[in-house]
2 protein chains.
Amino acid sequence: MLAATTVFDRASHWPARFSKGVTIYDEGEPSATMYRLDRGCVRLQVNGHGGDRQIISFLFPGDLFGFCLDERHASAEAVTEAEVTCYSIASVLDLNGRSAEVLVELVNRANGAFGELAHHVEKITHLPAAERLIWFFNWLTHHDPTAAATGVIRLPMNHRDIADYLSLKPETLSRAFRLLETRGYIQRSGRRGLSLTRHALALRVRSPEEFTALEARPAA
Amino acid sequence: MLAATTVFDRASHWPARFSKGVTIYDEGEPSATMYRLDRGCVRLQVNGHGGDRQIISFLFPGDLFGFCLDERHASAEAVTEAEVTCYSIASVLDLNGRSAEVLVELVNRANGAFGELAHHVEKITHLPAAERLIWFFNWLTHHDPTAAATGVIRLPMNHRDIADYLSLKPETLSRAFRLLETRGYIQRSGRRGLSLTRHALALRVRSPEEFTALEARPAA
DNA sequence: CGACAGATTGATCCGTCTCAAGCGTGGTGG
DNA sequence: CCACCACGCTTGAGACGGATCAATCTGTCG
């Protein structure tokens, strides 16, 4: 998967680093640079009127972001210290004249992001709090083979970020955490550490749909 | 704006027509064709577990859709009788080798859709029912210069579609309609016709943010 | 080790969903 | 062209889930 992104390495690029909490770009800014995340975690978000914030997606190493040709449609902020590779958009466009892979890669990435967001919307609007959280854990493990195998997750973001991603208030999220813990789906260690129990892992091999529908609703 | 889409007319293309309610493609299907909508209205949607449906976007003439290179990430259905131009994806990719505009056009469309969806999520998760509806009217007028000028709208879709787009139940949507009517923001004629009143039009010149925040909340 | 931001817990409120009847419009057939 | 029928929209009453407000607790970092 890293190989796929090296398509762009023939365009002009350079490394950069953003520290925790820093804004990488803001919605509405003109865009001249796109990024590939190499280490850390980044969030894409839309900031609403009254300080309300909707996190659109969390990005992990290997993910591409900011490939807008005109201006930024959302903001990007570093969740943790983040190392990225920056690509000049002009030179990526130029590269397209020489290599057809560029279009394929960009359009696939864009469509993938769109599809993922579409499903995210469906989930956060139709699932109750605890099931949204399970959905989130499932989604996290898709981006981390280690977590998928062992069930151990080290959350890079705080609860407020998760709440804004799942469209819940921190208090409600906290109650959802406790509910899943009580029911034996997760075990927590500290604020950022958690492991999916055998119980949850066994269920997770099936489709997320079945998992959430059949197992999270009824009381243990 | 129609001129921009004729970029693709150098690729192989043909016309097609779908009647009301017909599925154009389903999520998960392999994709070999992309479309430009010429007349009518199409909806993109994700179908959840228990018959729950989230409408991601309504498409209008001039809009491009289905430009996935591998498989469909969402379903597309005709809201009304719809006339489209179909483009072979293979030949669009081929065209990219000869014309750099192809990449620019596709990536811009994809990013535009992503940005719009991101904002849609923010709205439907943070706004109360009546304000979501106002947001929807505003969004509709962006796609129809005539409506923007006169304030008269002929809805192509039924209330159930609007409800699934705004993530509301039909009953709640109905109450939101009545509320806006009572407060003098809209007048309705029949099930599909409505006009934004002077009151609403005057407010609409400002940003949707101000409009929804300042004017829809307090009782008249 | 100490302090502070972030997380938890409890009590209460409010908006939307749900279930159940009545419409009314728009489309159909006579 | 009009009358009728059916589907979709409307309206009401009640329940429920998440939001809110406020106090306390606890990891994490200096």
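The analysis underlying the following values was restricted to heavy atoms, covering all of them including side chains, and did not include hydrogens, waters or symmetry mates. Labels below follow one simple rule: chain letters A, B, ... track the order of the sequence lines, proteins then strands, and each chain is numbered from 1.
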**OP:** Give a yes or no on whether the ring-centroid distance for Tyr165(A) and His120(A) is below 6.0 angstrom.
**Re:** yes
Original post:
What integer number of Å spans the C1' atoms of dA13(D) and dG24(C)?
Top reply: 22 Å
Original post:
Mind checking the P distance from dG14(D) to dT12(C)? Whole angstroms is fine.
Top reply: 23 Å
**OP:** Check whether any side-chain nitrogen or oxygen of Ser174(A) sits under 4.0 Å from OP1 or OP2 of dT8(C), and answer yes or no.
**Re:** yes
Original post:
Rounding to a whole Å, what distance do you find between Glu131(B):CD and dT16(C):C1'?
Top reply: 15 Å
**OP:** Kindly say if His159(B) contacts the phosphate of dT10(D), meaning a side-chain N or O under 4.0 Å from OP1 or OP2.
**Re:** yes
Original post:
Has Arg72(B) got its NZ or CZ under 6.0 Å from the middle of the six-membered ring of Tyr25(B), at an angle within 45 degrees of the ring axis?
Top reply: yes
**OP:** Provide the distance between the two P atoms, one in dA20(C) and one in dA6(D), to the nearest whole Å.
**Re:** 23 Å
Original post:
Base, sugar-phosphate, or nothing: which does Arg175(A) touch, judged by heavy atoms less than 4.0 Å apart?
Top reply: base
Original post:
How is Arg132(A) classified with respect to the nucleic acid when contacts are heavy atoms under 4.0 Å: base, sugar-phosphate, or nothing?
Top reply: nothing
**OP:** Find the distance Leu173(B):CG to dG8(D):P and express it as a whole number of Å.
**Re:** 15 Å
Original post:
Rounding to a whole Å, what distance do you find between Lys169(B):NZ and dA15(D):P?
Top reply: 20 Å
**OP:** Starting from C1' on dA19(D), measure out to NE2 on His126(B) and report it in whole angstrom.
**Re:** 13 Å
**OP:** Looking only at side-chain atoms of Arg160(A), point me to the closest of dT11(D), dA7(C), dT20(D).
**Re:** dA7(C)
Subject >> Proximal nucleotide (of dA20(C), dC9(D), dT8(C)) relative to the Arg178(A) side chain >> reply: dT8(C)
Original post:
Mapping Arg192(A) and Phe177(B) onto DNA chain D by nearest heavy atom, which one lands closer to the 5' end?
Top reply: Phe177(B)
Original post:
Do Tyr87(B) and Asp9(B) have side-chain N/O donor and acceptor atoms under 3.5 Å apart?
Top reply: yes
Subject >> Stepwise salt bridge (charged side-chain N to carboxylate O under 4.0 Å, His left out) test for Asp161(B) and Arg53(B) >> reply: CA-CA 9 Å; Asp161(B) 282 345; Arg53(B) 184 182 69 158; 2.7 Å; yes
Subject >> Nearest-angstrom distance from the residue atom CE of Met157(A) to P of dA5(C) >> reply: 23 Å
Subject >> Rounded distance in Å - CD (Glu171(A)) to P (dG10(C)) >> reply: 14 Å
**OP:** Kindly indicate, with the supporting measurements, whether the criterion ring pair (Phe, Tyr, Trp, His ring centres under 6.0 Å) is fulfilled by His159(A) and Phe177(A).
**Re:** CA-CA 10 Å; His159(A) 285 205; Phe177(A) 262 107; 4.6 Å; yes
Original post:
Taking atom P of dG24(C) as reference, at what distance in whole Å does atom CZ of Arg191(B) sit?
Top reply: 11 Å
**OP:** Rounded to the nearest angstrom, tell me the gap between atom CG in Leu168(A) and atom P in dT8(C).
**Re:** 13 Å
Original post:
Quick one: is dT8(C) close enough that its OP1 or OP2 comes under 4.0 Å of any side-chain N or O from Arg188(A)?
Top reply: yes
